[in-house]
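When reading the values below, keep in mind they use all heavy atoms of this one structure, side chains included, and skip hydrogens, waters and symmetry mates.
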There are 2 protein chains.
Amino acid sequence: MIRVLLAEDQHLVRGALSALLSLEEDITVVAGVADGAAAVAAAAEHRPDVVLLDIEMPVMDGITATARILSEVPTARVLILTTFGRPGYLRRAMDAGASGFVVKDTEPERLADAVRKVRAGQVVVDPDLAVASLERGQDPLTERERQILRAAEHGDTVADLAKRLCLSEGTVRNHLSSAIGKTGARNRAEAARTARENGWL
Amino acid sequence: MIRVLLAEDQHLVRGALSALLSLEEDITVVAGVADGAAAVAAAAEHRPDVVLLDIEMPVMDGITATARILSEVPTARVLILTTFGRPGYLRRAMDAGASGFVVKDTEPERLADAVRKVRAGQVVVDPDLAVASLERGQDPLTERERQILRAAEHGDTVADLAKRLCLSEGTVRNHLSSAIGKTGARNRAEAARTARENGWL
DNA sequence: ACCGGGGCATGACATCTGTCATGCCCCGAT
DNA sequence: ATCGGGGCATGACAGATGTCATGCCCCGGT
C-alpha cells in the first residue's frame, strides 16, 4: 500500500484528486493539506511514501516545501503536480530534490503510474518539458532583479518600488534596465512576463 | 440519475472531478471535454441535466459556451466551476443564464449538493462573491478599452498596440488614459491588473 | 594582492507615457 | 432635430521610464 500525502490549495481539486487516487487498489491518501508549511508538518507526522505537491500555494510554495520535507523525512519521495510547465519550475524542483514533475494537463491514468514509479525510486519527468528546460538555460537574473521584477508585476511605479525596497530610484531603474536587457524585453512589463513564463520568479 | 457533462481544460483535474462526482449514487458523468466549443457539441449530443463549465478554457470560454448551450439545449442547467471568484465573472455568467457559480476552493462535499440544487431549479451562488459583485459594480470600460488593456497586459508598447489594432498612437494613448482613469490606476499595468481581477477582461 | 561580480548610488540624456484640449464622424435616444 | 456617448485623430506638455557612464563598497576566487 502506497501512502500518499496531498498538498494542493484548492479544496475542491484536492478532494477530487484524492477521489481519483483512492480508486487505485494500492494507493491510500493519508492526509490532504492546503499549503506548503502544512505539508511539511503533515509529512513529519504521517511519514508518507509519496508527497504530491502543488507549486503555487500560499504560505510556502511547493519547491521550498520539497527541500524541507526531504530534509525532515528523507525516506519520502516528492512528486510535483502543477498547473504550469515552466522550465524554471522543473529545474528548481529537481534541484530541491523532487523525484518527479507532472503537469495538471496529463491523462488521469498516468497519475497513479507516476506515483508508483516515484515510489519505486524512478524519476518521472515530461520529456518535452525536460527539453524546454535545457534549451532555455537557467535563470540569468540576480536576486535583486527578481525581487524588483516581482514587485513591478503589480504595476507599481519606480518611486513605489524604491520605497518598498529601501533603495534609491536610480538603483531601481538600473536593476530594471539590467533585467530588461537579460530577458531581451523592451520594458519592465515584458521582462516580468518572460521571467514569469520561464519560472524565474 | 443526474446526467452531468464536464468541461474543464486540465485533463487530470477533469478526471479527478469525474472520479469525485462518480462517488455519488445519483450522479453520472456522461462526458468530459476540454474546451467550450466541445462542450456545446457534447451538450447537443448527450443532452445532460447539468453542465459543469470551467471559465478559463481554450477555443471558447465558459461564459460564451453557457449562452450557446442554453440556446441549443434549454432543458440543461449550467453550473460554472472556476478557479477565480472574480465579481465580473459571476455577473457575466448569470447574465448568460448560468444557474450556479462555484469556485474551486469550496469543500468537495458541496459540489454534489450544488449539482443537485441546480438540477432542482435552484440557484447556487457563494454569498460573499455575490456581495463583492454588487459592491464593485459592473464593467465601466468600453469595448476598445478592454481590447487595449488585454493587449497591454503582454507588455507591448504603444506603437505595437497601434499597429496591431490599426489605430494611431495618440488614440491608443487616449483609450489607455481613459481606462487608467476609470480603474483608478496609476499606469497601464495597474489598470490591466485591476480590470483582470474584477473579471472585466 | 588583485580582479570581477553583485549591490548601491548619482547625474545626464533620449524616449516613452499619461494627460488634456480640440475636433470630426456616427449612431441611438429624447 | 438635437444631444450625448463612443470611436478616432492630432498636437502639446509634464512627468515617468530606460540607458549609459561613472564611481564606491564588499566579498569570494586566483
Side-chain angles (χ1 to χ4, degrees), chain A residues 88 91-92 95 136-201, chain B residues 88 91-92 95 136-201:
Chain A
R91 172 179 292 265
R92 278 155 56 199
D95 286 349
R136 302 223 193 172
Q138 83 267 40
D139 188 352
L141 302 173
T142 68
E143 179 53 30
R144 268 300 187 199
E145 287 157 1
R146 273 190 295 274
Q147 271 182 37
I148 291 183
L149 276 191
R150 266 192 294 264
E153 280 191 306
H154 305 316
D156 289 354
T157 159
V158 170
D160 294 337
L161 301 181
K163 254 175 235 159
R164 182 170 319 158
L165 301 174
C166 297
L167 294 177
S168 90
E169 299 196 7
T171 301
V172 170
R173 285 216 291 274
N174 285 340
H175 286 304
L176 275 174
S177 182
S178 167
I180 291 168
K182 286 178 181 175
T183 52
R186 292 206 310 303
N187 53 52
R188 67 181 69 181
E190 207 174 86
R193 209 183 134 70
T194 32
R196 174 66 65 188
E197 273 176 3
N198 283 324
W200 295 338
L201 299 187
Chain B
R91 172 179 291 266
R92 277 156 55 198
D95 286 351
R136 303 223 192 172
Q138 83 268 40
D139 187 352
L141 302 174
T142 67
E143 179 52 32
R144 268 301 187 198
E145 287 158 2
R146 273 191 294 275
Q147 271 183 36
I148 291 184
L149 276 190
R150 267 191 293 266
E153 279 190 306
H154 306 316
D156 289 355
T157 160
V158 171
D160 294 336
L161 301 181
K163 255 176 234 157
R164 182 169 323 158
L165 301 174
C166 297
L167 294 177
S168 91
E169 299 196 7
T171 301
V172 171
R173 285 216 292 274
N174 286 340
H175 286 305
L176 275 174
S177 182
S178 166
I180 290 169
K182 286 178 181 174
T183 53
R186 292 204 311 305
N187 54 53
R188 66 182 69 181
E190 208 174 87
R193 210 184 133 69
T194 32
R196 174 67 65 189
E197 274 177 2
N198 284 324
W200 295 338
L201 300 186

- Query: So, B:Arg144 versus B:Gln147: side-chain donor-acceptor pair below 3.5 Å or not?
  - Reply: yes
Please determine, for the side chain of [X], which listed nucleotide ([options]) has the closest atom?
X: A:Val158; options: D:dC8, C:dA9, D:dT17; result: D:dT17
X: B:Thr157; options: D:dT17, C:dC16, D:dG18; result: C:dC16
X: A:Leu167; options: D:dC8, C:dA9, C:dT17; result: C:dA9
X: A:Thr142; options: D:dG6, C:dG18, C:dG6; result: C:dG6

- Test side chain to side chain contact (heavy atoms under 4.5 Å, CB included) applied to B:Leu161 and B:His175, step by step: CA-CA 11 Å; B:Leu161 301 181; B:His175 286 305; over 6 Å; no
- Item | Test side chain to side chain donor-acceptor pair (under 3.5 Å) applied to B:Thr183 and B:Glu190, step by step | CA-CA 9 Å; B:Thr183 53; B:Glu190 208 174 87; over 6 Å; no
- Note on the structure: The residue, B:Gly170 or B:Pro140, whose nearest nucleotide of DNA chain D is more 5′ is B:Pro140
- Note on the structure: Comparing nearest nucleotides in DNA chain D, the 5'-proximal residue of the pair B:Glu143, A:Ala185 is B:Glu143
Between [atom2] of [N] and [atom1] of [X], the distance in whole Å:
X: B:Gln147; N: D:dG7; atom1: CD; atom2: P; result: 9 Å
X: B:Ile180; N: C:dC20; atom1: CD1; atom2: C1'; result: 14 Å
X: A:Glu169; N: C:dA12; atom1: CD; atom2: C1'; result: 15 Å
X: A:Glu145; N: C:dG6; atom1: CD; atom2: P; result: 8 Å
X: B:Ile148; N: D:dC8; atom1: CD1; atom2: C1'; result: 11 Å
X: A:Asn174; N: D:dG18; atom1: CG; atom2: P; result: 12 Å
X: A:Asn187; N: C:dG18; atom1: CG; atom2: C1'; result: 15 Å
X: A:Glu190; N: C:dC16; atom1: CD; atom2: P; result: 14 Å

Short side-chain N/O contact to [N] OP1/OP2 from [X], under 4.0 Å:
X: A:Thr171; N: C:dT10; result: no
X: B:Arg144; N: D:dC8; result: yes
X: A:Ser177; N: D:dC20; result: no

- Looking across every strand, which nucleic acid part, if any, lies under 4.0 Å from A:Arg188 by heavy atom: base, sugar-phosphate, or nothing? sugar-phosphate
- Query: Within the structure shown, what part of the strands sits under 4.0 Å from B:Arg173 by heavy-atom distance: base, sugar-phosphate, or nothing?
  - Reply: base
- Is there a side-chain contact between B:Arg196 and B:Arg193 (heavy atoms, below 4.5 Å)? no
- Task: Taking the side chain as every heavy atom from C-beta outward, state whether B:Asn198 and B:Arg91 have any atom pair closer than 4.5 Å.
- Result: no
- Could you say whether A:Cys166 or A:Lys182 is positioned toward the 5' end of DNA chain C, judged by the nucleotide with the nearest heavy atom to each? A:Lys182
